[in-house]
Amino acid sequence: MITADRMAAVDANAAALGVPRKQLMESAGNAIAREVRTIADPGATVTVVCGRGNNGGDAFVAARFLSEYDVRVRLLGRSESISTAIARENWDALDAAEIDAEAVVDPTGEPDRLALWDADVIVDAMLGTGVSGPLREPERTVAKRITEAASGTDTAVLAVDVPSGVDADTGEIAVGPDGERVAVPADRIVTFHDAKPGLASATDAEATVAVADIGIPDAAELFTGPGDLLGLDRDPMSHKGDHGEVLIVGGGPYTGAPTLAARAALRAGADLVHVACPESIAREVQGFSENLIVHGFPGEILEPEHLDRISELASGRDVVVFGPGLGDADPTLTAVERFLEAYDGRAVIDADALQVVPNVETDATLVCTPHQGELRAMGGPSADDWRERSDLVREFAADLGQTVLVKGAYDVITDGENLRVNRTGNPGMTVGGTGDVLAGAVGAVACTQRPLQAAAIGAYANGRAGDLVVEDQGYGLVATDLIDRIPEAVRTDA
Ligand SMILES: NC(=O)C1=CN([C@@H]2O[C@H](COP(=O)(O)OP(=O)(O)OC[C@H]3O[C@@H](n4cnc5c(N)ncnc54)[C@H](O)[C@@H]3O)[C@@H](O)[C@H]2O)[C@H](O)CC1
Ligand SMILES: [K+]
């Protein structure tokens, strides 16, 4: 199963791996043509009804492959409104293939002119995963015409990827202003790459769903890539506080760590970052950035007596990052344990605090970010080969019931079920502090993304930042270099 958002990410990752979208669309169109051939013989009349997005684009390709049929392509809307270059290229190619293709110049025109009737097959390519809200005109009226044309006749309706009007993730059909739920009733659906969660519930019992392989490599799903960043796209209408508030609980024997994590959280997009650290370093930490709100607790290390204050600070934040520089003194580990027993929000657990996790009962949603030594200290597996490590860590995460990001040349990221591997980063990043930067970045992203995705994006961004630094200045990287490159590393328009 794959959701529409994940499909878009995998699509972009495939493109980054060198599989162009045009090739995906060719494969998608070919799969549609193959399905038409199982429904009707050459010479049959096929009406292809297309929207202005890539769902329509797929069907333009299919029409080209069906030149031995009597194919009529009807684009809803002006051809200039076709939304992607690839789809437009394929629309133009219909001419060369001498396909009867007509753009409904006046999109609100009388859809009856679309001559949907007396077709052996109607291909529904109005909308796929790009649908938002109830079907608008003219798609709404056309969906009703298709329903009429198909009911009581032996016209077969074949939906491209998703029946138009159906939400691919939920199977829901949004209620329109007329109080009606309108979608195309497909007899057959050819969906691409992987089943969509909503298809099973959306289609009537007898609809058959075929999943077509369109050549997306497994690597596009397994390895993190630029597609994983798409979830970060900022809603232009968003305002302060939307992108989350992070609390960093750190510092003790080590003073730089909480600062690195806090600054990384800011650069990775958190709106506000609070730092709870020993009073002895609070002034120093505050000195790094006025965007940090620093709360000093008495003494040199985190102890159980500080927990009321920490819990109060945590309750007002989206994510807590526990660990950078805390050290592993008994009172500190006891404090971490007590905190987790009471906390039910999201937290990133790093460094010495990690050893507490396997033995604590918590309702918190955790992202654990051990390196391989810390994973062993947690009672986790060790394996040199990243493939073997992936399987072992997935089992470990499943037992733990949490998301685990094991840092390494290949970072292994898993929630016990799904697995991602991050290949960005370089040997220059083994210097101290890069783990603190990573923990802060994951904490910021976890404000708006689910744990697995937050860990995948954090690992990708941290490594990518490291690669940008090395590209510019060669090795000799220090952790603070990473922080300034994080915004560039998470840009989706790069
Ligand atoms: N992601 C992949 O790997 C692949 C996707 N393919 C095909 O692409 C579509 C998704 O294409 P997209 O352009 O994102 O969106 P759609 O074509 O589904 O629809 C967008 C189109 O529809 C209009 N629209 C949106 N909501 C409504 C509405 N409620 N009423 C009317 N019109 C609506 C919107 O304005 C746009 O014009 C996917 O399903 C696949 O078929 C690739 O070709 C294969 C790989
Ligand atoms: K469709």
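In what follows, every heavy atom counts, from backbone to side chain, and hydrogens, waters and symmetry copies are set aside. Because the structure is predicted, anything quoted here is derived from the model rather than measured. Counting starts at 1 for both ligands and their atoms, following the listed order.
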Got the closest protein heavy atom to atom 38 (C) of ligand 1, with its distance? Asp161 OD2, 3.2 Å
What N, O or S atom of Asp124 is found closest to the K ion (ligand 2)? O
Run down the list Val142, Ile86, Asp194, Ile214 and name the one with the heavy atom closest to atom 45 (C) of ligand 1. Ile214
Just wondering, more than 12 heavy atoms not from Arg450 lying within 6.0 Å of its CZ? no
Considering Asn54, Thr129, Val10, Val19, which one's heavy-atom position lies nearest to atom 11 (O) of ligand 1? Asn54
Tell me the protein heavy atom at minimum distance from atom 9 (C) of ligand 1, and give that distance in Å. Asn55 N, 3.7 Å
Restricting to non-hydrogen atoms, name the atom on Ala186 and the atom on Ala159 that form the minimum distance, rounded to 0.1 Å. CB-CB, 3.7 Å
Determine whether any heavy atom of Ser132 lies closer than 4.0 Å to an atom of ligand 1. yes
Over 60° means perpendicular and under 30° means parallel, so classify the ring planes of Phe223 and Trp386, tilted if in between. tilted
Asp154, CG: over 12 other non-hydrogen atoms inside 6.0 angstrom: no
Note: Asp194-Arg6 ion pair, threshold 4.0 Å (strictly below): no
Tell me, which protein residue and heavy-atom name are nearest atom 15 (O) of ligand 1, and how many Å apart are they? Gly130 CA, 3.3 Å
Metal check, the K ion (ligand 2) vs Val160 N/O/S, cut-off below 3.4 Å: yes
Heavy atoms only: which of Asp11, Val131, Ile32, Thr191 is nearest to atom 2 (C) of ligand 1? Asp11
Decide, yes or no, whether a salt bridge links Asp167 with Arg181 under the criterion of side-chain N to carboxylate O below 4.0 Å. no
Measure the distance from atom 21 (C) of ligand 1 to every protein heavy atom, then report the residue, atom name and distance (to 0.1 Å) of the closest one. Leu127 CD2, 3.9 Å
Indicate the atoms forming the closest heavy-atom contact of Tyr460 with Ala489, along with that distance. CE2-O, 4.1 Å
Atom 36 (C) of ligand 1: any protein heavy atom closer than 4.0 Å: no
N or O contact, Ala8 vs ligand 1, cut-off under 3.5 Å: no
Between Ser83 and ligand 1, is there a nitrogen or oxygen pair with a distance under 3.5 Å? no
Check: Asp124 side chain, Ser164 main-chain N or O, donor-acceptor pair, under 3.5 Å: yes
Shortest protein contact, atom 18 (O) of ligand 1 (heavy atom only): Gly128 N, 2.6 Å
Backbone or side chain, does any N or O of Gly133 fall under 3.5 Å from an N or O of ligand 1? yes
Do you see an N/O/S atom of Leu127, backbone or side chain, under 3.4 Å from the K ion (ligand 2)? yes
Judged on heavy-atom distance to atom 30 (N) of ligand 1, which of Arg136, Glu26, Gln23 sits nearest? Arg136
Heavy-atom donor-acceptor pair, Arg64 side chain to Leu94 backbone, under 3.5 Å: no
Does a sphere of radius 6.0 Å around CG in Asp385 hold more than 12 heavy atoms from other residues, nucleotides or ligands, not counting ones at 6.0 Å or beyond? yes
Tell me whether the K ion (ligand 2) has Met126 as a neighbour, meaning an N, O or S atom of it below 3.4 Å. no
Should you measure from each heavy atom of Gly53, which atoms of ligand 1 turn up under 4.0 Å away? 13 (O), 17 (O)
Any N/O of Met25 closer than 3.5 Å to an N/O of ligand 1? no
Interatomic distance, CZ@Arg267 vs CG@Asn291, rounded to 0.5 Å, equals 9.5 Å
Under 4.0 Å, counting heavy atoms only: does Asp58 come that close to any atom of ligand 1? yes
Does a sphere of radius 6.0 Å around CG in Asp218 hold more than 12 heavy atoms from other residues, nucleotides or ligands, not counting ones at 6.0 Å or beyond? no
Donor-acceptor contact below 3.5 Å, side chain Asp271 vs main chain Glu245: no
Checking Thr84 against Asn54: is there a side-chain donor and acceptor pair closer than 3.5 Å? yes
If the K ion (ligand 2) is the vertex, what is the angle to O of Val162 and OD1 of Asn55, rounded to 10 degrees? 130°
Does atom 7 (C) of ligand 1 have any protein heavy atom closer than 4.0 Å? yes
Check whether any heavy atom of Pro134 sits under 4.0 Å from an atom of ligand 1. yes
